[in-house]
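Worksheet: the structure to be examined is printed underneath.
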Amino acid sequence: MSKRGVSRRTDRPVVALSPEEIDFVRSLVIHEDAAVLALNKPAGLSSQGGRGQVHTLDELLYAFAKASGNRPRLVHRLDRDTSGVILTARTQPAAGFLGKAMMARKFSKTYLALVGPAPPEPRQGTIDLPLRREEIGREAFMRICEPDHPDAEPSLTRYRTLAEGEGAALVELRPETGRMHQLRVHLAHLGRPILGDPKYGGALTLNGQPVPRLMLHASALEFPHPEGGRKRIAAPPPEDFRTALEAAGLSLPDPAATGV
């Protein structure tokens with residue numbers, strides 16, 4: 001079990017990780033260099049601040065901490081049940097550079113989603129619908145709203161259908177904005193919610209097989225690298241995503257088609 005202490009040099013909480021936790025988070029690394037560290041986050045792991053969850057990815061990053069106690073910092077987050085590429089900055093200058101690049105929308109994100117019960121109509125297009133946050137009890141939702149709503153946030157998603165199966169379709173998503181639950185709400189608005197997403201109407205079974213979680217995977221991330229040029233990092237979908245594809249009679253398309 002992790003234990004918290006305080007770094008004398010930084011006066012910030014430090015998490016002491018077990019050897020198993022260190023091995024686990026190191027096994028997630030898909031790219032590292034002097035400026036950045038990228039991981040393939042599994043579903044079920046909170047990026048940061050999970051409710052009552054002891055081990056978040058942010059805490060596990062202490063496995064890469066320097067003697068000073070400084071560790072890689074998350075550049076962005078993924079929903080707890082979303083798997084895939086997540087980027088961290090290894091230095092303060094890199095964190096500042098990447099933060100500014102993200103604010104300037106210089107990041108390009110690609111996701112794969114398994115939706116039901118059929119492909120979106122049209123099969124390819126752009127969803128340009130503003131969203132607003134709504135809280136019901138302790139739960140937070142995002143809702144489609146009118147552009148002139150006082151809480152409206154512009155939200156744009158590009159999508160294309162890659163394959164159609166029995167009761168489901170594989171869709172590639174490229175969000176131009178990064179609103180909370182954006183992809184989930186936009187697809188639900190088309191009447192094609194992501195499987196395993198009951199919050200927005202997604203089915204929990206597919207052809208008699210259980211869907212264990214939200215079938216959304218961050219498959220690739222392209223960004224300006226702090227040391228120059230652009231870098232693209234891709235991660236293949238995990239086993240549970242592939243199993244759901246098989247339940248629909250589908251398989252992953254050629255990597256040349258998706259870039260994964």
Side-chain angles (χ1 to χ4, degrees), residues 40-46 78-86 109-129 131 134 136 139-144 155-221 234-260:
N40 188 358
K41 187 188 85 67
L45 176 63
S46 292
L78 293 175
D79 286 349
R80 180 178 181 272
D81 288 329
T82 300
S83 58
V85 180
I86 191 164
K109 301 176 182 178
T110 304
Y111 291 78
L112 294 176
L114 195 58
V115 307
E121 290 295 340
R123 294 173 67 94
Q124 178 173 331
T126 299
I127 308 168
D128 187 1
L129 293 169
L131 301 174
E134 179 179 75
I136 302 175
E139 291 291 321
F141 297 80
M142 295 300 282
R143 306 296 192 196
I144 302 291
S155 307
L156 190 147
T157 302
R158 304 187 191 281
Y159 72 92
R160 64 175 178 138
T161 301
L162 298 177
E164 179 180 356
E166 185 180 348
L170 180 64
V171 178
E172 179 187 81
L173 303 159
R174 296 179 181 269
E176 298 292 328
T177 52
R179 310 305 178 200
M180 172 179 149
H181 299 174
Q182 175 180 319
L183 302 178
R184 298 162 64 181
V185 177
H186 274 175
L187 286 169
H189 179 77
L190 294 182
R192 301 295 185 264
I194 300 175
L195 298 181
D197 189 14
K199 191 168 192 172
Y200 295 108
L204 295 177
T205 61
L206 174 60
N207 298 327
Q209 299 297 315
V211 178
R213 55 99 173 179
L214 176 72
M215 289 292 111
L216 181 63
H217 177 73
S219 58
L221 180 68
E239 186 63 30
D240 60 358
F241 196 98
R242 294 170 183 267
T243 298
L245 281 173
E246 291 173 2
L250 294 171
S251 59
L252 286 173
D254 189 292
T258 63
V260 178

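The shown structure was predicted, so the numbers you read here are calculated from the model rather than taken from an experiment. Residues: numbered from 1 along the sequence shown.
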Would you check if [X] and [Y] make a side-chain contact, meaning some heavy-atom pair closer than 4.5 Å?
| X | Y | answer |
| --- | --- | --- |
| L204 | P210 | no |
| L112 | L173 | no |
| R160 | P120 | no |
| D240 | V211 | no |
| Y159 | T126 | no |
| L170 | T161 | no |
| V171 | L162 | no |
| R158 | E172 | no |

(request) Measure centre to centre between the rings of H181 and F141, then say whether the value is under 6.0 Å. (result) no
(message) Exactly one of T243, L245, L195 should register a side-chain contact (heavy atoms from CB on, under 4.5 Å) with L206. Which one does?
(response) L195
Testing the basics here: between [X] and [Y], what is the closest heavy-atom pair and its distance to 0.1 Å?
| X | Y | value |
| --- | --- | --- |
| L78 | G84 | CD1-O, 3.7 Å |
| A168 | A248 | CB-CB, 3.9 Å |
| V85 | A234 | CG2-C, 4.0 Å |
| N207 | A247 | ND2-O, 2.9 Å |
| I136 | R143 | CD1-NH2, 3.9 Å |
| A163 | L250 | CB-CD2, 3.8 Å |

(request) Sequence neighbours left out, what passes salt bridge (charged side-chain N to carboxylate O under 4.0 Å, His left out) with R184? Give chain and number order. (result) D79, D197
(request) Give me the ring orientation class for F241 and H217: parallel if the planes are under 30° apart, tilted from 30 to 60°, perpendicular past 60°. (result) tilted
Rounded to the nearest 0.5 Å, what separation is found between the [atom1] atom of [X] and the [atom2] atom of [Y]?
| X | Y | atom1 | atom2 | result |
| --- | --- | --- | --- | --- |
| R179 | T157 | CZ | OG1 | 10.5 Å |
| L216 | S83 | CG | OG | 7.5 Å |
| Y111 | L187 | OH | CG | 12.5 Å |
| D81 | K41 | CG | NZ | 7.5 Å |
| M142 | L183 | CE | CG | 11.5 Å |
| R174 | L156 | CZ | CG | 13.5 Å |

(request) Step through the shown structure and confirm whether more than 12 heavy atoms of other residues, nucleotides or ligands are within 6.0 Å of CD on E134. (result) yes
(request) State, without any angle test, whether T177 and Q182 hold a side-chain donor-acceptor pair at a distance under 3.5 Å. (result) yes
(message) Pairing donors with acceptors under 3.5 angstrom, does anything connect the side chains of S251 and R242?
(response) no
(message) Between E121 and R192, does any side-chain N to carboxylate O distance fall below 4.0 Å?
(response) no
(message) Which residues pass the side-chain hydrogen bond (donor to acceptor under 3.5 Å, both in side chains) test with N40, not counting sequence neighbours?
(response) none
